[in-house]
Amino acid sequence: MPASLRRGLVIGNWKMHGSVSETEALLRQIMALCETATAEVAVCPSFVHVPLALRLTAASAIAVGGQNCSEHDSGACTGEVAAAMLAELGCDRVILGHSERRRQQGESSALVAAKCRAAHRAGLKAVVCVGETLEQRESGQAQTVVAEQLQALVEELRPEDSIAYEPVWAIGTGHTASPRQAQEMHTFIRGCLGAARGDAAQRLRLLYGGSVKAANAAELFAQQDIDGGLVGGAALDAHEFAAIVALAG
Ligand code: PEP
């Protein structure tokens with residue numbers, strides 16, 4: 001499938017930022033600025049702000065997702081949120097395997113795959129993050145690490161899911177992967193998916209994440225296998241985020 005047939009997609013990962021009033025103001029601005037966007041747009045607020053975001057976006061094309069979900073459908077899991085709870089509210093997707101969770105919560109690739117299955121059971125699309133650390137890249141392990149992360153869940157993936165390649169060394173650091181480095185890894189990822197899943201790999205959208213901003217998005221999104229971005233810091237600035245969305249259109 002030619003890249004042009006995969007619709008551009010930009011997802012804002014708001015992480016653990018914002019009060020209720022800040023979240024509302026940010027989202028209202030984003031909705032106004034992205035009203036005519038041709039790219040698909042989604043925002044992923046903290047769990048407590050999800051109902052607010054869904055209410056505000058009810059009449060807009062902006063989708064709302066979670067930043068994580070439990071691998072279990074329900075039960076004695078204090079502090080966890082089930083995929084079905086997100087789906088019942090109106091979320092259509094969930095970010096899984098973000099490197100902050102892999103590092104801070106010790107999430108393994110097997111756990112991320114179990115969460116992906118849980119998301120699908122609830123009817124959510126998965127946005128699965130993969131990526132290597134600086135040490136792994138410098139020791140020539142980048143592709144091995146990403147292949148291992150993909151291997152665990154490749155059988156779970158559906159064409160409507162997306163994979164976000166987020167080199168850990170580029171997240172929140174201001175150091176973006178060069179368009180060539182990013183495209184190289186995206187080609188590798190599509191190749192891994194293709195080997196396991198055939199044609200479905202061509203439909204899956206591959207997002208780049210790691211210090212994406214309006215100033216570098218055009219070059220990144222011009223790459224054949226980069227279908228959009230998972231945006232952290234720049235997603236907290238409505239004008240910056242909207243400029244990135246426009247470049248993914
Ligand atoms: C992220 O955390 O998903 C991310 C890409 O962050 P940033 O854009 O701030 O690097």
Side-chain angles (χ1 to χ4, degrees), residues 8-18 22-23 26 30 34 39-47 49-50 53 62-69 91 93-105 107 109 112 115-116 119 125-134 136-137 142 145-146 149-150 161-179 181-183 185-186 189 205-221 223 225-248:
L9 168 63
V10 179
I11 302 176
N13 173 14
W14 290 347
K15 308 195 186 193
M16 198 175 68
H17 291 292
E22 286 164 346
T23 301
L26 174 63
I30 288 176
C34 294
E40 185 179 333
V41 183
V43 293
C44 297
S46 80
F47 288 135
H49 295 146
V50 161
I62 296 180
V64 177
Q67 296 175 13
N68 174 45
C69 71
C91 289
R93 71 196 75 202
V94 61
I95 297 173
L96 298 173
H98 192 282
S99 62
E100 286 154 13
R101 293 199 61 85
R102 289 181 191 260
R103 191 179 66 248
Q104 295 168 10
Q105 277 74 33
E107 291 193 358
S109 295
V112 175
K115 290 181 177 220
C116 188
K125 297 179 261 199
V127 181
V128 183
C129 304
V130 296
E132 80 288 356
T133 63
L134 185 58
Q136 289 163 335
R137 175 160 283 266
V145 168
V146 169
Q149 292 170 339
L150 285 173
D161 292 335
S162 32
I163 301 280
Y165 168 56
E166 298 208 314
V168 179
W169 47 272
I171 296 179
T173 59
H175 300 300
T176 320
S178 69
Q181 282 174 318
Q183 168 60 18
M185 187 60 90
H186 281 231
I189 291 172
R205 285 176 291 183
L206 304 186
L207 311 179
Y208 169 78
S211 298
V212 174
K213 38 189 185 283
N216 58 29
E219 251 198 302
L220 286 162
F221 297 166
Q223 306 301 309
D225 284 294
I226 301 183
D227 305 313
L230 178 55
V231 184
L236 297 169
D237 177 319
H239 287 276
E240 189 74 13
F241 185 69
I244 294 168
V245 168
L247 291 165

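Each ligand, and each atom within it, is numbered from 1 in the order the structure gives.
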Can you tell me how far the CD1 atom of I171 sits from the OG atom of S99, to the nearest 0.5 Å?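 Going from CD1 on I171 over to OG on S99, the span is 3.5 Å.
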Rounded distance (nearest 0.5 Å) linking atom NE2 of H98 with atom CG of L230: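 Result: 6.0 Å between the selected atoms.
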Looking only at protein heavy atoms, identify the closest one to atom 5 (C) of ligand 1 and say how far it is in Å.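 Of the protein heavy atoms, E166 OE2, 3.1 Å lies nearest.
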Considering only non-hydrogen protein atoms, determine which one is nearest to atom 2 (O) of ligand 1 and report residue, atom name and distance to 0.1 Å.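 Here the closest protein heavy atom is K15 NZ, 2.5 Å.
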For [X], take its heavy atoms, then give the atoms of ligand 1 lying under 4.0 Å from any of them.
| X | answer |
| --- | --- |
| G232 | 4 (C), 5 (C), 6 (O), 7 (P), 8 (O), 9 (O) |
| G172 | 7 (P), 9 (O), 10 (O) |
| G233 | 7 (P), 8 (O), 9 (O) |
| L230 | 3 (O), 5 (C) |
| H98 | 1 (C), 2 (O), 3 (O) |
| N13 | 1 (C), 2 (O), 3 (O) |

Of the side chain and backbone of A170, name the one, both, or neither that has a heavy atom under 4.0 Å from an atom of ligand 1.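 Just the backbone.
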Show every donor-acceptor pair shorter than 3.5 Å between a side-chain atom in residues 235-248 and any protein atom, with sequence neighbours excluded, or say none if there are none.
| from | atom 1 | to | atom 2 | distance (Å) |
| --- | --- | --- | --- | --- |
| D237 | OD1 | H239 | N | 3.0 |
| D237 | OD1 | E240 | N | 3.0 |
| E240 | OE2 | A214 | N | 2.8 |

Presence of salt bridge, R101 and E107, under 4.0 angstrom: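 Yes.
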Salt bridge between E40 and R93, side-chain N to carboxylate O under 4.0 Å?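 Salt bridge between E40 and R93, a charged N being under 4.0 Å from a carboxylate O: yes.
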With K15 via salt bridge (Lys or Arg N to Asp or Glu O under 4.0 Å) - residues at least two apart: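 E100.
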In terms of ring plane angle, is the pair H186 and Y208 parallel, tilted or perpendicular, where the classes change at 30° and 60°?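 Rings of H186 and Y208: tilted, as their planes differ by 30° to 60°.
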